[in-house]
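Reading through the structure tokens given below for one structure.
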Amino acid sequence: MARETIKAEITGNVWKIVAQVDQDLAEQETILIMESMKMEVPVLAPVKGKLKELLVKEGQDVSEGQDLAILET
């Protein structure tokens with residue numbers, strides 16, 4: 001099985017984690033929601049797979065390009 005690293009597309013704050021480790025995710029299903037400049041930005045699974053690891057916590061500040069999660073496809 002292949003692993004895909006989900007990266008932050010923006011600089012912001014991890015507002016809410018929606019998915020749980022070992023959860024099966026559909027393509028475009030929300031993994032977490034980031035907050036940036038008072039806007040909520042969902043981070044979506046790019047492909048169908050299983051969430052293997054979350055690399056951030058709620059309330060954590062993240063930079064653009066930072067690893068957020070690992071998805072096993």
Considering all heavy atoms, the nearest E72-K52 contact: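 Nearest heavy atoms, E72 then K52: CB-CG, 3.3 Å.
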Cluster companions of L55 among Ile, Leu, Val, Met, Phe, Trp, Tyr (side-chain spacing under 4.5 Å): I70
Report all side-chain donor-acceptor pairs from residues 40-50 shorter than 3.5 Å, counting only partners two or more places apart or in another chain.
none

What pairs of donor and acceptor atoms, side-chain ones from residues 2-15 against any protein atom, are under 3.5 angstrom apart with sequence neighbours left out?
{"residue": "K7", "atom": "NZ", "partner": "D67", "partner atom": "OD1", "Å": "2.5"}
{"residue": "T11", "atom": "OG1", "partner": "E64", "partner atom": "N", "Å": "3.1"}
{"residue": "N13", "atom": "ND2", "partner": "G59", "partner atom": "O", "Å": "2.9"}
{"residue": "N13", "atom": "ND2", "partner": "D61", "partner atom": "OD1", "Å": "3.0"}

Steps toward side chain to side chain contact (heavy atoms under 4.5 Å, CB included) verdict (L71, L25): CA-CA 9 Å; L71 189 67; L25 299 172; 3.9 Å; yes
Distance, nearest 0.5 Å, that separates CG of L51 from CG of D22: 8.0 Å
